[in-house]
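Each chain gets a letter, A, B and so on, in the order its sequence line appears, and its residues count up from 1.
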There are 2 protein chains.
Amino acid sequence: MSTMSHTTEESVGLRERKKRATRLSLQAAAVELIREHGPDSVTVEDICAQAEVSPRTFFNYFTCKEEVLAPWSREALERIPEAIAQRPAEERPPTAAHRVFDVLLDHTMRSEIWREQIMLLREHPVLAYRTMSNTRALELCLAEGLGRRTGLGEEDTYVKLVAATAMAALRVTIQSWQESPDDTDPRTLLENNFARIESGLRSPD
Amino acid sequence: MSTMSHTTEESVGLRERKKRATRLSLQAAAVELIREHGPDSVTVEDICAQAEVSPRTFFNYFTCKEEVLAPWSREALERIPEAIAQRPAEERPPTAAHRVFDVLLDHTMRSEIWREQIMLLREHPVLAYRTMSNTRALELCLAEGLGRRTGLGEEDTYVKLVAATAMAALRVTIQSWQESPDDTDPRTLLENNFARIESGLRSPD
DNA sequence: TGTATTTTTACAGTGTCTGCACAAAAAATG
DNA sequence: CATTTTTTGTGCAGACACTGTAAAAATACA
């Protein structure tokens, strides 16, 4: 907040900065309150009181209550298609998806609030169902990139299958990562899961 | 309705029959009204008026409005784990899942209302997010069966990965089936997708 | 400083969903 | 058949999620 010399874009105005602050403040308030009191007894009004904005403002930022916990930011999603398309030409589609997930994890993992969001979604599955549009958006970005990459287009069945399977791998990876010791590198787990998929899901011996 | 000599269980009481009728009636009313007027302008009250039950009764059958469109019945789900476990011992886990999905599709496809539910969920993605717990339940049943089958348990990462990947295949299959000519057999599409997965998602040439 | 644009807020209203008490229906019992 | 017990349906009151609208506040810009 106080230091500003290392922001990604120096030319970001006050309005944009305040909007980001408000969004982050609502996310932080939601995480804190839900962690403490559970998802059912926390209302939008409570979250807004903690974040010091009006309840109506909440719905200017999020389409529903649970979206405040959506784990993938809009900025991260927007970079996915191009990142997939730009992977080296010799990589097969699942590998390209794998590498982009590596970067995505490496980037989002740094965010303190991301860990807490992910943890809450795991502890309270009912919250996860409402953030599914965010997960689905990631899958669509993936399909878009793979469609461009292969020249098959994002409507191709093979493309959609790879995207859906990659999401399955990511989901299972994050889940086992949460059940692992604190120093586990999720990229190792992701590596294992993609290796299993690329070997046709043969039984582990 | 009128013939009753070929019901699965002759000993089903009046209470159970009425419950099934009420559930079906609510599902049919919801499908009809939403198809006609769109999901946003149909209220639970409308659905109940059409089905001739009180609004309060609706929520005795479904936990939320959209659950009335959940495509997998409780009965079908309950049979999954045992069906997986009973597949021939030489089948590898993905194949076992594939075969059980074949049976599941063959069975549920006969239901007229199932096609309509699936179509509505595809046309209005916002409805799909609320029925996700039903989809998730299918994945958990799958994992339970695979866990018993392999002796690894349903918490094993390989088991969870196979279950999640199989769900990806099923989802993509149903989607392409809906975009195919009317006489397309979904089991052929499912066959293709599982073949791709078992070959490690190699690019189609 | 004044004006245009964007964001926040208050307010009123609709619809989802829940708990509860009670009525109605079905099943079990003698 | 009359009875008790259990299950299911309903009416009601209320909390909360979410939306449209219009005014107020903050920001951008000249």
Side-chain angles (χ1 to χ4, degrees), chain A residues 1 4 9-27 29-30 33-34 37-70 74 124-134, chain B residues 9-27 29-30 33-34 37-70 74 124-134:
Chain A
M1 289 286 203
M4 55 187 310
E9 287 291 333
E10 204 65 30
S11 61
V12 63
L14 174 59
R15 209 163 244 168
E16 189 62 24
R17 266 181 289 149
K18 280 209 169 181
K19 273 176 71 175
R20 291 186 192 177
T22 302
R23 168 176 288 265
L24 205 61
S25 162
L26 284 168
Q27 289 174 324
L33 290 176
I34 294 177
H37 302 108
D40 292 336
S41 48
V42 174
T43 69
V44 170
E45 204 178 337
D46 297 335
I47 297 171
C48 291
Q50 175 96 0
E52 295 183 304
V53 293
S54 83
R56 187 62 183 84
T57 296
F58 183 96
F59 293 103
N60 290 339
Y61 282 86
F62 307 101
T63 63
C64 71
K65 179 184 168 184
E66 290 82 1
E67 195 179 302
V68 75
L69 298 174
R74 202 173 49 80
H124 309 285
V126 66
L127 297 173
Y129 303 134
R130 300 287 190 106
T131 61
M132 199 58 69
S133 54
N134 183 245
Chain B
E9 286 291 334
E10 204 66 30
S11 61
V12 64
L14 175 59
R15 221 168 234 169
E16 189 64 21
R17 268 180 289 148
K18 281 205 170 182
K19 271 176 70 176
R20 291 185 192 178
T22 301
R23 168 176 288 265
L24 205 61
S25 162
L26 284 168
Q27 289 174 324
L33 291 176
I34 294 177
H37 302 107
D40 292 336
S41 49
V42 174
T43 69
V44 170
E45 203 177 340
D46 298 335
I47 296 171
C48 291
Q50 174 97 356
E52 295 181 307
V53 295
S54 82
R56 187 65 184 82
T57 297
F58 183 95
F59 293 102
N60 291 339
Y61 282 86
F62 306 100
T63 62
C64 71
K65 178 184 169 185
E66 290 82 1
E67 194 179 303
V68 76
L69 298 175
R74 204 175 47 80
H124 308 285
V126 65
L127 297 172
Y129 304 134
R130 299 288 190 107
T131 62
M132 199 58 69
S133 55
N134 183 248

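- Across B/K65 and B/T43, no two heavy atoms sit closer than the pair NZ-CA, 4.5 Å.
- Rounding to whole angstrom units, CZ of residue B/R130 and C1' of D/dC18 are separated by 11 Å.
- Contact record, A/T131 with A/L69: CG2-C, 4.3 Å, taken as the closest heavy-atom pair.
- Considering only heavy atoms from C-beta on, A/E67 stays 4.5 Å or farther from A/Y61 through its side chain.
- Residue A/S54 has no polar side-chain atom (N or O) positioned under 4.0 Å from OP1 or OP2 of C/dT8.
- In this structure, the CD atom of A/E16 is 13 Å from the P atom of C/dT6, given to the nearest Å.
- Of all non-hydrogen atoms in A/A51 and A/S25, the two that sit nearest each other are CB-OG, 3.3 Å.
- Closest approach to the A/V53 side chain among C/dT8, C/dT9, C/dC17 is made by C/dT9 (side chain taken as heavy atoms from C-beta onward).
- Nucleotides of DNA chain C nearest to B/K18 and B/E45 differ in position, and the one nearer the 5' end is that of B/E45.
- With distances taken from any side-chain atom of B/L14 to the nucleotides D/dT10, C/dC17, C/dA26, the minimum falls on C/dA26.
- With D/dT10, C/dT16, C/dT9 as the choices, the nucleotide that has an atom nearest any side-chain atom of A/T57 turns out to be C/dT9.
- Per the geometry, CZ belonging to B/F58 stands 17 Å off P belonging to D/dG11, to the nearest Å.
- Following rounding to the nearest Å, A/F59 (CZ) and D/dT19 (P) show an atom-to-atom distance of 7 Å.
- Distance A/N60 CG to C/dA10 P: 13 Å, rounded to the nearest Å.
- Each of A/K19 and A/R56 was matched to the nucleotide of DNA chain C holding its nearest heavy atom; the match closer to the 5' end belongs to A/K19.
- If you measure from atom CD of B/E52 to atom P of D/dT10, you get 10 Å, rounded to the nearest angstrom.
- Between the P atom of C/dT14 and the CG atom of B/D40 lies a distance of 17 Å, rounded to the nearest Å.
- The shortest distance between the side-chain N/O atoms of A/Y61 and the OP1/OP2 oxygens of C/dT7 is not below 4.0 Å.
- Rounded to an integer number of Å, the gap from A/Y129 OH to C/dT16 C1' is 20 Å.
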Given side chain to side chain donor-acceptor pair (under 3.5 Å), test B/N60 with B/T57 step by step and report yes or no. CA-CA 5 Å; B/N60 291 339; B/T57 297; 4.6 Å; no
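- When the nearest nucleotides of DNA chain D are assigned to A/R15 and B/R15 by heavy-atom distance, the more 5′-ward of the two goes with B/R15.
- Residue B/F62 is classed as having no contact, given no heavy-atom separation below 4.0 Å to the nucleic acid.
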